[in-house]
Amino acid sequence: MTESNYEKVLYELKISPETAADTAVMLESIPEILQVLTNPIVSQEEKHKVIDRIFPEELRNFMKVLCRYQKAQNAKEIFKKYQEYYNEQQNILNAELFYVIPPKEEQLNGIRKYLCDRYHTADAVVKLREKKDLIGGFLIRTGDEEIDYSLKGRIDALQQKLTWR
């Protein structure tokens, strides 16, 4: 099974996005868990005992399969892709907002509404990412499309316009 199929398996298992997100946070904040699950010296039996003690019941078999096929090191990425896949299946847009100054809640709500209207989706999940080199404004990335309202983008566009004259 390729990595790109694991998120689909999680979806078919009807794992809640909250459970997946909590597990991803746990794996990120306690790196020792993955060290044990990926260690070739630790037996499968011992790994299963760790999984049974730490992970939610609905994820235990899935984590055991990852260990069996030496894919546990990809768990964090798999849970991230699962969230994106889940959102796509639920007609929820995945977007990233790059900013210099964090947006206020009402600005973020306006951006979500704009994205929902533009892409005809039920909702939009917007991940916030600081990016100081934008100088000002913001940039929105959805899939392979960028909407650039940054000062840097405007300066670059003006430079290009002046160069082509």
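Worth saying up front: this structure is predicted, and the values here are computed from it rather than measured.
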Do the side chains of [Y] and [X] get nearer than 4.5 Å, heavy atoms only?
X: Leu10; Y: Leu59; answer: yes
X: Arg53; Y: Val50; answer: yes
X: Pro102; Y: Leu128; answer: no
X: Asn87; Y: Leu93; answer: no
X: Met26; Y: Asp22; answer: no
X: Pro103; Y: Leu97; answer: yes
X: Glu84; Y: Glu7; answer: no

Listed by chain and number, what are the salt bridge (charged side-chain N to carboxylate O under 4.0 Å, His left out) partners of [X], not counting sequence neighbours?
X: Arg60; value: none
X: Glu77; value: none
X: Glu88; value: none

About how many Å separate [atom2] of [Y] and [atom1] of [X], when rounded to the nearest 0.5 Å?
X: Ser150; Y: Ile135; atom1: OG; atom2: CD1; answer: 7.5 Å
X: Asn5; Y: Lys81; atom1: CG; atom2: NZ; answer: 10.0 Å
X: Ile30; Y: Ile54; atom1: CD1; atom2: CD1; answer: 7.0 Å
X: Gln89; Y: Lys8; atom1: CD; atom2: NZ; answer: 8.5 Å
X: Ile92; Y: Leu115; atom1: CD1; atom2: CG; answer: 13.5 Å
X: His48; Y: Met63; atom1: NE2; atom2: CE; answer: 10.5 Å

Going by distance alone, is a donor N or O of one side chain under 3.5 Å from an acceptor N or O of the other, for Asn39 and Gln35?
no
Output the rest of the hydrophobic cluster of Phe98: all Ile, Leu, Val, Met, Phe, Trp and Tyr residues reachable through side-chain heavy-atom contacts under 4.5 Å, sorted by chain and number.
Val100, Ile101, Leu134, Leu139
Looking at [Y] and [X], is any side-chain nitrogen of the basic one under 4.0 Å from a carboxylate oxygen of the acidic one?
X: Arg118; Y: Glu145; result: yes
X: Glu96; Y: Lys127; result: no
X: Lys49; Y: Glu46; result: yes
X: Arg154; Y: Asp148; result: no

Testing Lys71, Gln70, Lys47 for side chain to side chain contact (heavy atoms under 4.5 Å, CB included) with Leu37, which one passes?
Lys47
Examine Phe62 and Val25 and state if one hydrophobic cluster contains both, with Ile, Leu, Val, Met, Phe, Trp and Tyr joined whenever side-chain heavy atoms are less than 4.5 Å apart.
no
Atom OH of residue position Tyr119 - does it have more than 12 heavy atoms of other residues, nucleotides or ligands inside 6.0 Å?
yes
Worked check of side-chain contact (heavy atoms from CB on, under 4.5 Å) between Tyr6 and Leu66
CA-CA 9 Å; Tyr6 284 108; Leu66 289 183; 3.6 Å; yes
Kindly give the heavy-atom pair with the smallest separation between Arg112 and Ala124, and that separation in Å.
CD-O, 3.4 Å
Could you pull out the closest heavy-atom pair between Thr121 and Asn91, with the gap in Å?
CB-O, 3.4 Å
Partners of Tyr149 by ring-ring contact (aromatic ring centres under 6.0 Å, His included), sequence neighbours excluded?
Phe138
Could you list the residues that satisfy ring-ring contact (aromatic ring centres under 6.0 Å, His included) with Phe55, not counting sequence neighbours?
none
Under 3.5 Å, side chain of [X] to main-chain N/O of [Y], donor-acceptor pair present?
X: Thr19; Y: Ile15; result: no
X: Lys131; Y: Tyr99; result: no
X: Gln107; Y: Lys104; result: yes

Mind telling me whether Tyr85 and Tyr11 have parallel, tilted or perpendicular rings, with 30° and 60° as the class edges?
perpendicular
Would Glu130 and Lys132 satisfy salt bridge (Lys or Arg N to Asp or Glu O under 4.0 Å), going step by step from the backbone distance to the final call?
CA-CA 6 Å; Glu130 185 176 40; Lys132 294 287 188 191; 3.1 Å; yes
